[in-house]
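What follows is one structure encoded as structure tokens, with my remarks underneath.
Just so it is clear: chains get the letters A, B, ... in the order the sequence lines come, proteins before strands, and each one is counted from 1.
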Amino acid sequence: MIRVRFAPSPTGFVHVGGLRTALYNYLFAKRNNGRFILRIEDTDRSRFIEGATNNIIKVLNWAGLIPDEGPEQGGGFGPYFQSQRTQLYRQFAEQLLRAGYAYYAFDTPEEIDKLRQTASERNLQPKYDSSTRMSMRNSLSLSDDQVRHNLETGIPHVIRLLIPENRTFTVHDLIRGQVTFHSSQVDDQVLIKSDGFPTYHLANVVDDHLMEISHVIRGEEWLSSVPKHLYLYECLGWNPPEMAHLPLIFNPDGTKMSKRDIQSLSALPTGKVDPDVQSYINAGYEKDAIVNHIALLGWNPGDDRELFSLQELVDHFSLERVNKAAAIFDIPKLNHINQQHLSRKSASVLAREVLTELSARGITAQTQEYLEQVVKLMQPRLYLRNQFFEASHYFFLDPETYDADVVKKRWTENSAKYLLEFVEEIAKLELFDKNSLETALQVVASRNTVNAGQVIHPVRLAATGVGAGPGLYELLELLGKERVINRLKKAAQVIPLLQKP
RNA sequence: GGCGCGUUCGUCUAGUGGUUCAGGACGCCGGCCUCUCACGUCGGUAGCACGGGUUCAAAUCCCGUACGCGCUACCA
């Protein structure tokens, strides 16, 4: 049984890279009829942020990555909060202690600092390991009596893993192949902190084993700590899970994505990008597009296809096709993918979504049918759902201004005359549809022996106030006879005044 | 500094020794479509980090260098 987990710590917002890790775990699980587990790694009290867990769950739900087991849905391997499993970690730490694989250490933070300082002064790597551990205060260097006394009098202490000398640890990473580490490079990692909570290293090994995780799929930043984990599995007598370390995702300038210095998506500092998934949700990106885009940051299906729904990703995903190299989060590409998903969306669904923005602005559409028609016309012209009103306001409100550049470019001294003639023609129309509108406009143009464009552009400007948008006849038809006539008449009066210097 | 990982167009990537003077996508430039803006479509631009090997043959294998990134916490 394939069992994978997404194991974030509730320390703030959901990172784009975190979402992708969750996605790959989800895809791998679903592709292999396995289970996707959410586990909250809340063992660091000092960084705990209230509400962060709910936020993680909310974003996962939004993206459609619903866990099979986790805080919300439970499961037979709970609890799914590490903070509720401290007894377990303690128990295994003591087992390691008894077997001589771990030891107590009583050093104060100041003493550790000093160790680090003297090491770097001598240009050595500051490490708590075989080269230094005997000069520190721990159950290896102290007498049994002293150790017992320290423990009984409640002197703060941690439990450290005793890393053996001259050993080698090799992981067969599913993405990177064989990676080997020497034990001289790994220090005696703290397993249980002085506050009684475990560190990540102990907790993730214990939980992954107890939760029967078959594959650990996580970010590359964890690769370096794999030897510690491997050794823990060994000491505990357990088989390690399969491992896959994913490439990282960076800013366009190659730096780590950071929330610092980022005010909004519309005003990103050059070379930077917002790491907060919520920002993209708020900006109105399609969830399928976000999922699609991050899926492609490090994975590809092996052919030229690049538009996928979540289900299609499930159908095609494999770890073998995950890349080794880090990727850059590119907003223009995201926008393109978003536009593709947007244009494939059904108009009725989009109309419903767009309605919230309209209501927020106090705009009402005359009917649901009308809104859907507008959406249909606007769909290929949008790359972001939230641009809808900005691009289509004239379907809901009469124009109050006329784009100065368009006036300058398209309005001539005869325009008002054409407008009024066109009004006259369409006033006679019984059927106000695009065909008859086109015919009417042709009549005006040929009567004045000018190109249709000479009439079309002023009419568009008059009816919408802007120079861009859907085809004129479709637009007019949708607007409706009365509204069009009123707007044209008004424009014929107002625009010439604007022209005067 | 040490250790680890990585390096194909600006970006995401295909490519697992010959069928590739490296293919697709975004972006950019130009054409077509056309009443505008988009969509669509056609074409163009641009890349195997560098240096050594191995081989009849290397983007593909090996070594080195450079550069980037990660880790080096009682954070995850």
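Using a 4.0 Å heavy-atom criterion, one finds that A/Pro227 contacts no nucleic acid atom at all. A/Pro470 comes within 4.0 angstrom of a base, heavy atoms only. Among the protein residues, A/Arg410 comes within range of the sugar-phosphate backbone only, with heavy atoms under 4.0 Å from sugar or phosphate atoms but none that close to a base. Within 4.0 Å (heavy atoms only), A/Phe197 reaches no atom of the nucleic acid at all. Contacts of A/Gly219 with the nucleic acid, taken as non-hydrogen atoms under 4.0 Å apart, are absent. In this structure, A/Asn335 reaches neither bases nor backbone, as no heavy-atom distance under 4.0 Å exists between it and the strands shown. At the heavy-atom level, A/Lys256 lies under 4.0 Å from the strands shown only through sugar-phosphate atoms. At the heavy-atom level, A/Ser9 lies under 4.0 Å from the strands shown only through sugar-phosphate atoms.
The pair A/Asp113-A/Arg116 meets the salt-bridge criterion, with a side-chain N (NZ, NE, NH1 or NH2) lying under 4.0 Å from an Asp/Glu carboxylate O. For the pair A/Glu306 and A/Lys333, the salt-bridge criterion is met [side-chain N within less than 4.0 Å of a carboxylate O].
Atom NZ in A/Lys228 sits roughly 11 Å away from atom C1' in B/rC75 (whole-Å rounding). Between the P atom of B/rC12 and the CH2 atom of A/Trp299 lies a distance of 17 Å, rounded to the nearest Å. Distance A/Asp304 CG to B/rU13 C1': 10 Å, rounded to the nearest Å. When the P atom of B/rU36 is taken as reference, atom CD of A/Glu474 falls 14 Å away, rounded to whole Å. The nearest whole Å value for the distance from the CD1 atom in A/Ile331 to the C1' atom in B/rC12 is 14 Å. In this structure, A/Leu296 places its CG atom 12 Å from P of B/rC12, rounding to the nearest Å. A/Phe308 has its CZ atom 18 Å from the P atom of B/rC12, to the nearest Å. Taking atom OH of A/Tyr473 as the reference point, atom P of B/rC37 lies 16 Å away to the nearest angstrom.
No side-chain donor from either of A/Gln454 and A/Asn414 sits under 3.5 Å from a side-chain acceptor of the other. Using a 3.5 Å distance cut-off with no hydrogens or angles, the side chains of A/His157 and A/Asn150 do not pair a donor with an acceptor.
B/rC33 is unpaired under the Watson-Crick or G-U wobble criterion, no partner having all donor-acceptor distances under 3.5 Å. Applying the Watson-Crick and G-U wobble criteria (two distances, each under 3.5 Å), B/rG2 pairs with B/rC71. The pairing partner recorded for B/rC48 is none, the criterion being a Watson-Crick or G-U wobble arrangement whose two distances lie under 3.5 angstrom. Using the Watson-Crick or G-U wobble rule with both distances under 3.5 Å, B/rC56 pairs with B/rG18. Pair assignment for B/rA38: none, as no Watson-Crick or G-U wobble contacts are both less than 3.5 Å. Base pairing annotation: B/rU7 forms a Watson-Crick or G-U wobble pair with B/rA66, both donor-acceptor distances under 3.5 Å.
The aromatic rings of A/Trp299 and A/Phe308 sit perpendicular to each other, their planes meeting at more than 60°, with 30° as the lower class boundary. A tilted orientation is assigned to the rings of A/Tyr285 and A/Tyr280, their planes being inclined by 30° to 60°. Between A/Tyr101 and A/Tyr231, the ring planes are perpendicular. Angles over 60° get that label, and only those under 30° would be called parallel.
No more than 12 heavy atoms of other residues, nucleotides or ligands sit less than 6.0 Å from atom NZ of A/Lys409. No more than 12 heavy atoms of other residues, nucleotides or ligands sit less than 6.0 Å from atom CD of A/Glu165.
In terms of phosphate contacts, A/Asn300 brings no side-chain nitrogen or oxygen within less than 4.0 Å of OP1 or OP2 of B/rU13. Residue A/Arg160 places at least one side-chain N or O under 4.0 Å from the OP1 or OP2 atom of B/rC74.
Of the two residues near RNA chain B, A/Lys409 and A/Ile192, the one whose nearest nucleotide lies more 5' is A/Lys409. Mapping A/Arg20 and A/Tyr128 onto RNA chain B by nearest heavy atom places A/Arg20 at the nucleotide closer to the 5' end.
For B/rU7 and B/rU16, the P atoms lie 16 Å apart once the distance is rounded to whole Å. For B/rA22 and B/rC35, the C1' atoms lie 43 Å apart once the distance is rounded to whole Å. As rounded to the nearest Å, B/rU60 and B/rG18 have C1' atoms that lie 11 Å from one another. B/rA25 and B/rU41 have their P atoms separated by 9 Å, with the value rounded to a whole Å. The C1' atoms of B/rG43 and B/rG24 are separated by 15 Å, rounded to the nearest whole Å. B/rG17 and B/rA59: their C1' atoms are spaced 10 Å apart (whole Å).
Side-chain contact between A/Gln189 and A/Leu232 is absent, with no heavy atoms from C-beta onward closer than 4.5 Å. Considering only heavy atoms from C-beta on, A/Leu342 stays 4.5 Å or farther from A/Gln387 through its side chain.
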Output one letter per nucleotide in nucleotides 1-8 of chain B: B when a protein non-hydrogen atom lies under 4.0 Å from the base, S when only the sugar-phosphate is that close, - when neither is. BSSSSSS-
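A cation-pi arrangement is present between A/Arg160 and A/Tyr128, with the terminal nitrogen or guanidinium carbon under 6.0 Å from the aromatic centre and inside a 45° cone about the axis. Under a cutoff of 6.0 Å and an axis angle of 45°, A/Arg20 and A/Tyr24 form a cation-pi pair.
The side chain of A/Gln339 approaches B/rC39 more closely than any other nucleotide in the set B/rA76, B/rC39, B/rU11. Among the nucleotides B/rC26, B/rU13, B/rC75, the one closest to any side-chain atom of A/Lys333 is B/rC26. Residue A/His201 has its side chain nearest to B/rA76 when only B/rU36, B/rC74, B/rA76 are considered. Among B/rC37, B/rA25, B/rC74, the nucleotide with an atom closest to any side-chain atom of A/Glu306 is B/rA25. Of all nucleotides listed (B/rA14, B/rC75, B/rC12), B/rC12 comes nearest to the side chain of A/Leu297. Comparing B/rA76, B/rU13, B/rC74 by their nearest atom to the side chain of A/Arg116 picks out B/rC74.
Legend: salt bridge (charged side-chain N to carboxylate O under 4.0 Å, His left out) pairs involving residues 435-463 of chain A, not counting sequence neighbours, sorted by first then second residue: A/Glu421-A/Arg447, A/Glu425-A/Arg447.
A donor-acceptor distance shorter than 3.5 angstrom exists from the side chain of A/Lys127 to the backbone of A/Ser184, with no hydrogens or angles considered.
The aromatic ring centres of A/Tyr402 and A/Trp411 sit 6.0 Å or more apart.
What you find for A/Asn251 and A/Ser258 is that their closest heavy atoms are ND2-N, 4.3 Å.
RNA chain B is contacted by A/Glu41, A/Thr43, A/Asp44 of residues 38-45 of chain A, taking any non-hydrogen atom closer than 4.0 Å. Within residues 374-390 of chain A, the residues that place at least one heavy atom under 4.0 Å from RNA chain B are, in residue-number order, A/Pro380, A/Arg381. The stretch residues 432-463 of chain A touches RNA chain B through A/Ile456, A/His457, A/Arg460, each having a heavy atom within less than 4.0 Å of the strand.
Under the rule for a side chain to side chain contact (heavy atoms under 4.5 Å, CB included), the partners of A/Pro227 that lie at least two apart in sequence or sit in another chain are A/Phe169, A/Phe181, A/Val186.
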